[in-house]
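Just below is one structure, and these are the notes that go with it.
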Amino acid sequence: MTLPDREKRSGLKDEVLAGEYVLGALTADASAELAKRVKTDRQFAAMVRRWQENLADTQRSDHRTFSSYIDASMDHAVRRSDDKLHRSIYGRFAIVTALWNSVRFWRLTTSAALLWAAVLLFSVA
């Protein structure tokens with residue numbers, strides 16, 4: 001019963017070693033030792049090939065993602081003229097929007113309202 005568990009652990013360890021070998025995360029000595037093992041052990045060589053194929057797919061998708069970022073930045077350069085139009089139409093509301101979103105404005109308004117309420121309360125009495 002314990003034999004399959006040992007084989008399973010060894011398989012996982014080999015899988016991790018194959019991944020580290022492909023990523024280049026091992027020392028030079030360990031990498032050289034595993035390079036020899038790739039030549040002699042067919043199962044380990046298959047694990048290394050699988051890691052290389054998976055990482056190659058990832059690199060291709062990363063390249064496509066990077067090129068889409070470049071395309072998006074070019075689109076942004078084209079849209080700058082639309083931004084000027086947007087600002088000219090809605091620019092007159094910029095002051096109102098800035099006040100509405102300003103914490104300092106609301107604190108000042110609250111302080112003024114409290115002061116006014118205190119003045120009204122004490123002036124009546």
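Not measured: the values here are computed from a predicted model. Computed from heavy atoms alone, side chains included, the values below leave out hydrogens, waters and symmetry copies. Along the sequence shown, residues are numbered consecutively beginning with 1.
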Tell me, do [X] and [Y] make a side-chain contact under 4.5 Å, heavy atoms counted?
X     : Y      : result
Glu33 : Lys36  : no
Leu23 : Leu55  : yes
Trp51 : Tyr21  : no
Leu99 : Trp106 : no
Val16 : Glu20  : yes

Looking at every heavy atom in both Ser31 and Leu26, which two are closest together, and how far apart are they?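 Result for this residue pair: N-CB, 4.3 Å.
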When you check the gap from the basic side-chain N to the acidic O, do Arg37 and Asp14 get nearer than 4.0 Å?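 Counted as a salt bridge, because a side-chain N and a carboxylate O are separated by less than 4.0 Å.
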Euclidean distance, [Y] [atom2] relative to [X] [atom1], rounded to 0.5 Å:
X      : Y      : atom1 : atom2 : value
Leu34  : Thr27  : CG    : OG1   : 9.0 Å
Phe44  : Lys39  : CZ    : NZ    : 13.5 Å
Thr110 : Phe105 : OG1   : CZ    : 9.0 Å

Taking only residues two or more places apart in sequence, or in another chain, which ones meet Arg49 in a salt bridge (Lys or Arg N to Asp or Glu O under 4.0 Å)?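 Partners of Arg49 under the salt bridge (Lys or Arg N to Asp or Glu O under 4.0 Å) test: none.
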